[in-house]
Amino acid sequence: MTWKRAAAVAVVVVLLAAGGSAFLPWTANHFGYALPGERGLPYRIHHAGRDYHSSATCAGAGWCTAAPYCTPFGGEETSLTRIGEVGTLFGAAHTVFTTRPVPEGTPLTVLVRAGPGCYVGYALMGGP
């Protein structure tokens, strides 16, 4: 095998490993994106330069077992303000909301739509 063929094989192996690791819960939780499917929201999300966490979800990793996964919102969605999105690997993004009126500065909590009428709450990490 020539060195060019060996280099090409090595590149293919590295690309396949990197592509496969994107679907691991650890990677999704670390980088703050959702995995496709039910319970795919990550433990940590990033919004407006700050990190938020939720103990109810962990992108399908086995260490989070909080129930329920998401809760219905008791009011009208019109009382919420859309402030961003959590990207999903090969899927539709999840909308991030805060209460209306929008709090000045950094919101202490945000809601992420997990599904129709179902929301996961996230709290600010590291204090205001």
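Along the sequence shown, residues carry numbers from 1.
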[X] to [Y] - nearest heavy-atom pair and separation:
| X | Y | result |
| --- | --- | --- |
| V86 | G32 | CG1-O, 3.8 Å |
| L41 | A114 | CD1-CB, 3.9 Å |
| I83 | P107 | CD1-CG, 4.4 Å |
| P42 | Y122 | O-OH, 2.7 Å |

Inset, instruction - With sequence neighbours excluded, give me every salt bridge (Lys or Arg N to Asp or Glu O under 4.0 Å) pair touching residues 114-123. - result: none
In Å and rounded to the nearest 0.5 Å, what is the [atom1] to [atom2] distance from [X] to [Y]?
| X | Y | atom1 | atom2 | answer |
| --- | --- | --- | --- | --- |
| C58 | R39 | SG | CZ | 8.0 Å |
| L111 | C70 | CG | SG | 11.0 Å |
| L35 | T57 | CG | OG1 | 9.5 Å |
| N29 | H53 | CG | NE2 | 13.0 Å |

Legend entry - Summary of disulfide (SG to SG under 2.5 Å) pairs that have at least one residue in residues 78-113, sequence neighbours excluded: none
Inset, instruction - With sequence neighbours left out, write down each residue that passes side chain to side chain donor-acceptor pair (under 3.5 Å) with Y43, or none if nothing qualifies. - result: none
Inset, instruction - Please name all residues satisfying side chain to side chain donor-acceptor pair (under 3.5 Å) with E85, sequence neighbours left out, ordered by chain then number. - result: R82
Inset, instruction - Identify whether W26 and L89 are in the same connected component of the hydrophobic contact network (ILVMFWY, side-chain heavy atoms under 4.5 Å). - result: no
Without placing hydrogens or testing angles, list every side-chain donor-acceptor pair under 3.5 Å for residues 92-99, not counting sequence neighbours.
unit_1 : atom_1 : unit_2 : atom_2 : d
H94    : ND1    : R113   : O      : 2.9

Legend entry - Contacts of T106 that satisfy side chain to side chain contact (heavy atoms under 4.5 Å, CB included) - sequence neighbours left out: R50, Y52, L124
